[in-house]
Every structure is written in structure tokens, then in C-alpha cells.
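Start at 1 and go down the list; that is how both ligands and their atoms are numbered.
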Amino acid sequence: MLKNFAVAIALLLSQSLLAETGQRPTDRSVAAGKALYEQYCQSCHKRDGVGENPVPPLIKVPGYLVAMPLNETSHAWHHSDEQLVEAILNGLQRTPRMPAWKGILTAQQASQIVAYIKSLWSDRILACQGPRHMSCM
Ligand code: HEC
């Protein structure tokens, strides 16, 4: 009985914190995520997640990575919600330009931002999000 209760609570918590890969997020989480995105992410990933312009090869510093689009034109949708939240909170090893946002953003805020990012994708792309992307398209 007590065990079932604990399982139910854990399920509820995981559902409210983690958005669901492949599912449309709620309007509320998208709106919350959009405000956070504008504040913390848009300077690099740009309005509507279109990403930075490529740097012309002649002036490009070796190893400098531009912020890729987070809309459906790049591969953000190849990652599950959990992987995106993880990338946001812990940053990316491959470039110091994408820092760890842990300490600035909570896990819930990171998943709200993921909800906003997902709102930029079409139904077709959303349905193929994450591990399914290899076989789906
Ligand atoms: C100072 C610039 C900068 C800021 C601010 C920034 N990013 Fe990034 N981001 C980058 C760069 C650079 C990369 C890596 C590009 C690459 O690997 O080619 C990246 C990569 C990512 C990726 C990996 C995408 C993929 O397809 O693998 C995600 C997700 C991401 N950023 C989300 C965010 C979010 C959410 C925020 C705001 C909380 C944010 N970024 C803020 C520069 C930035």
C-alpha cells in the first residue's frame, strides 16, 4: 500500500518535472520556457532558435563553434527531453561557449526551456524526436 503510494508520487513528480519526449508540451510550460529562453539563450541561439550565422572560414578561429539552431533545421530533435535537459544543466564538453546552466537554472526551468524549443518543431519532427529519429524519417 505504502509502496504503491510512493510509486504514484514518484510518477507524478517525474511527469511534472520532465517533459515527455515526442509529446507536445503544455502551453503553460512553453510560455514559461520562452521567457527563460529569451533571457538566457537567445543571445546565441537567436530568436525562434534559428542559431548563429556561420563564421566565414577565413576569419574562423580553430575550434570556435557557433551556436547551432535549436529549431528543426539542426539536430536538437535527435535528443530526448532528458538529454536536452542534461545538456542545458551540465553544458557541453566540446565547447566552453555552451556553459553548464546548473546553479542558474533549476531542472524544472531547463525542462520548460526544452518545452519552448519543442514548440518550434513541426508535428512530423516532434513525432520522430529522440531515439526514434533514426528509423522515423
Ligand atoms: C554564449 C553562447 C551560448 C549561449 C548563451 C547558449 N548556448 Fe547553447 N550552444 C552554444 C554553442 C556554441 C553550442 C555548441 C555548438 C556545436 O556543438 O556545434 C551550443 C549547443 C547547445 C545545445 C546542443 C544542441 C545539439 O543539437 O546538440 C543545446 C540543447 C543548447 N545549446 C541549448 C541552450 C540553451 C537552452 C541555452 C540557454 C539556457 C543556451 N544553449 C545558451 C552556445 C550558447
Under 4.0 Å, counting heavy atoms only: does Ser74 come that close to any atom of ligand 1?
no
So which atom in Ser29 and which in Ala115 form the shortest heavy-atom distance, rounded to 0.1 Å?
OG-CB, 3.6 Å
Indicate, as side chain, backbone, both or neither, the part of His79 found under 4.0 angstrom from ligand 1 when only non-hydrogen atoms are considered.
side chain
Can you see which heavy atom on Thr106 is nearest to which on Leu89, and at what distance?
O-CD2, 4.0 Å
Should His75 be counted as touching ligand 1, given the test is an N or O pair under 3.5 Å?
yes
Contact check, Val66 vs ligand 1, heavy-atom distance below 4.0 Å:
yes
Close-contact set for ligand 1 against Tyr40 heavy atoms, below 4.0 Å
5 (C), 37 (C), 38 (C), 41 (C)
Which ligand 1 atoms, with their elements, are less than 4.0 angstrom from a heavy-atom of Ile113?
35 (C)
Heavy atom of the protein closest to atom 14 (C) of ligand 1 (residue, atom name, distance)
Thr95 CG2, 3.7 Å
Taking N or O atoms only and a 3.5 Å limit, does Arg94 qualify as a polar contact for ligand 1?
yes
Using the rule side-chain contact (heavy atoms from CB on, under 4.5 Å), only one of Met68, Lys46, His45 pairs with Glu52; which is it?
Lys46
Which heavy atom of the protein is the closest neighbour of atom 29 (C) of ligand 1, given with residue, atom name and distance?
Leu84 CD2, 3.7 Å
Between the NE2 atom in His79 and the OG1 atom in Thr21, the distance rounded to the nearest 0.5 Å is 11.5 Å
If you take all heavy atoms of Ser122 and Glu72, which pair is closest and at what distance?
N-OE1, 2.7 Å
Test item: side-chain donor near acceptor, Gln129 and Asp81, under 3.5 Å:
yes
Interatomic distance, CD@Glu20 vs OG@Ser80, rounded to 0.5 Å, equals 12.5 Å
Backbone N or O of Thr73 within a donor-acceptor pair of the Asn71 side chain at under 3.5 Å?
yes
Between Leu65 and ligand 1, find which residue part has any heavy-atom pair under 4.0 Å and reply side chain, backbone, both or neither.
both
Number the atoms of ligand 1 from 1 as they appear, then name those within less than 4.0 Å of a heavy atom of Ala76, with their elements.
26 (O)
Under 2.8 Å from atom 8 (Fe) of ligand 1, which protein N, O or S atoms are there? Could you list them by chain and number?
His45 NE2, Met98 SD
Is Leu105 touching ligand 1 with its side chain, its backbone, both, or neither, if touching means heavy atoms under 4.0 Å apart?
side chain
With side chains defined as the heavy atoms from C-beta onward, is the minimum distance between Asn53 and Val66 less than 4.5 Å?
no
Is there a side chain to side chain contact (heavy atoms under 4.5 Å, CB included) between Tyr37 and Gln112 once you walk through the steps?
CA-CA 9 Å; Tyr37 178 88; Gln112 287 168 335; over 6 Å; no
I'd like to know if Tyr40 and Leu120 are part of one continuous hydrophobic network [Ile/Leu/Val/Met/Phe/Trp/Tyr, side-chain heavy atoms within less than 4.5 Å].
yes
Closest protein heavy atom to atom 41 (C) of ligand 1, given as residue, atom name and distance to 0.1 Å
Trp101 CZ2, 3.5 Å
N/O donor-acceptor pair under 3.5 Å between Arg97 side chain and Tyr64 backbone
no
